[in-house]
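Naming: A, B, ... by sequence-line order, numbering from 1 per chain. All of these numbers come straight from a predicted model, not from anything done at the bench.
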Protein chains: 2
Amino acid sequence: MALSAALLAVAGELTQRIHDGVVARGFEGLRPAHGFAFARLAPDGATVTDLAGHLGVTKQAASQLVDEIVRKGYAERRPHPEDARARLVVLTERGWACTRAAEEAAADAVRAWGDALGEGEMRTLLEQLARIAPNGPIRPAW
Amino acid sequence: MALSAALLAVAGELTQRIHDGVVARGFEGLRPAHGFAFARLAPDGATVTDLAGHLGVTKQAASQLVDEIVRKGYAERRPHPEDARARLVVLTERGWACTRAAEEAAADAVRAWGDALGEGEMRTLLEQLARIAPNGPIRPAW
DNA sequence: ACGAATTGGTCAAGCGGCTTGACCATAACT
DNA sequence: AGTTATGGTCAAGCCGCTTGACCAATTCGT
C-alpha cells in the first residue's frame, strides 16, 4: 500500500471515530466539519470572517454554520470588544463539553494505535508527522 | 500539537496537493471525491452498487457521480459480462491518464516530505501507517 | 477632519450533491 | 413457477454552499 493511501485511510478512519465518539457521548446533530470550527473557536473565540478563512469557505457559509451551532446551544455571539462591526463567536459550556468529548474520542483512537505500535514508535510517529505538517489552518479538505 | 491534529493536517494538505496536481496536469472539473471513485474503478472496473458501498453513499448518488465522469470522458458503462442487470463501469484511456496524474501528484507530495524526513524515516513512517491503517475502503470522510 | 475605500456581517436567490421513495429488469431461492 | 433479493434508474426534495447585493463600522488618503 502506498504511503499516501495509508495516510488517507488512517485519517479517514480517525475522523469517523472521532465523530462516532462524540455522538456516543451525547452530542448529536453535528457533522465532522463542525469539529474544525470548534477547534478554531476553542481558545478565545473567533469572528465569522476568521472562521470562514480557516474553514476555506465563504463568510456566508461560516455565518450559517455559526447560526446552526448557536441554535443548538454550542456557541453564542457576543459583541466584539474592539470592533463594533464584528461579533465574537465563543463556545458555551456545552460547546466546551463537546470539544472535550472530541478530544477524548481522538485520544481513544490514538490509544488503539498505541496497542499496535508501542510507545516508542508512537513518539516517532508524532514527531515525524509534526515535522511534515503544514502550519496553516486544518481544513476539512476533500 | 496533538498526534490526531497533525495527522489530519497532513492528510488535508495531501488531499489538496493531489487535487492541485491533477488540475495542473490538465484534468479539470473533478473534485477530490472523484479520486476515490477512480481508485476503485482502476483495477478492473466496478458496478455502481459496489462503488456506492466503497464511497459510503447511496447507489443513486454513485450513479450520478458515474454519469458525471462518463459525460466528461473519464469512464464508460459496459454491459456486465456475468450479470445482465448490472453494468460494469470502467475507466477510459483518459480516465487512466487522470489516475496516473493523481499518482504522480501524490508522489510529488510524498517526495517533499522525504526532504524533511530522510529516506529511513520515510520507510518507518510508511510501515507504521500501514500497520494502523484499516482494511476497509478509503472513504472521503468528513 | 472629511469623503472614499475597506472590512465584518447579514439577507436573498440559486446550484449541486446527496437523500428518500418508487419503480423496473434480472437473478437467486424454495 | 412464484417469491424474494439485487442492480439500476427516475423523480422529488433537503441542505450546505456559492454568488450577488446590501448595510454598518472602521480605516485610509489627502
Given [options], the nucleotide with the shortest approach to the side chain of [X]:
X	options	result
A:Q60	D:dA25, D:dC17, D:dA21	D:dA21
A:R85	C:dG21, C:dT26, D:dA25	D:dA25
A:T58	D:dT19, C:dT10, C:dT20	D:dT19
B:V57	D:dT9, C:dC18, D:dT19	C:dC18
B:D83	C:dG9, D:dG7, C:dC18	D:dG7
B:T47	C:dT26, D:dG8, C:dT19	D:dG8

With respect to the phosphate group of [N], does any side-chain polar atom (N or O) of [X] fall under 4.0 Å of OP1 or OP2?
X	N	answer
B:S63	D:dT9	yes
A:T49	C:dT7	no
B:R77	D:dG7	no
A:R87	D:dA24	no

Between [Y] and [X], does any NZ, NE, NH1 or NH2 come within less than 4.0 Å of an OD or OE carboxylate oxygen?
X	Y	answer
B:R78	B:D83	no
A:E103	A:R25	no
A:E68	A:K72	yes
A:R131	B:E121	yes
B:R100	B:E93	yes
B:R17	B:E13	yes

Rounding to an integer number of Å, can you tell me how far [X] [atom1] sits from [N] [atom2]?
X	N	atom1	atom2	value
B:Q64	D:dG13	CD	P	16 Å
B:R31	D:dG16	CZ	P	17 Å
A:K59	D:dG20	NZ	P	14 Å
A:D67	C:dG9	CG	P	12 Å
A:F36	D:dC17	CZ	P	13 Å
A:R78	C:dG9	CZ	P	16 Å
A:L65	D:dC17	CG	P	7 Å
B:I69	C:dG17	CD1	P	13 Å

**OP:** Have a look at A:A61 and say if it touches a base, only the backbone sugar-phosphate, or nothing, with a 4.0 Å heavy-atom cut-off.
**Re:** base

Original post:
At under 4.0 Å between heavy atoms, what does A:A86 touch on the DNA or RNA strands: base, sugar-phosphate, or nothing?
Top reply: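 Counting heavy atoms under 4.0 Å across all strands, the contact made by A:A86 is with sugar-phosphate only.
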
Without placing hydrogens or testing angles, list every side-chain donor-acceptor pair under 3.5 Å for residues 35-45 of chain B, not counting sequence neighbours.
| from | atom 1 | to | atom 2 | distance (Å) |
| --- | --- | --- | --- | --- |
| B:R40 | NE | B:D50 | OD2 | 3.3 |
| B:R40 | NE | B:H54 | ND1 | 3.4 |
| B:R40 | NE | B:H54 | NE2 | 3.4 |
| B:R40 | NH2 | B:D50 | OD2 | 2.5 |

**OP:** Between A:E82 and A:E68, just flag the one whose closest nucleotide in DNA chain D comes earlier from the 5' side.
**Re:** A:E68

Original post:
Where the side chain of B:H34 meets the backbone of B:R31, is there a donor-acceptor pair that is under 3.5 Å apart?
Top reply: yes

Subject >> Bend angle of the helix from C:dA1-D:dT30 to C:dT30-D:dA1, from helix axes over five pairs at each end, nearest 10° >> reply: 30°

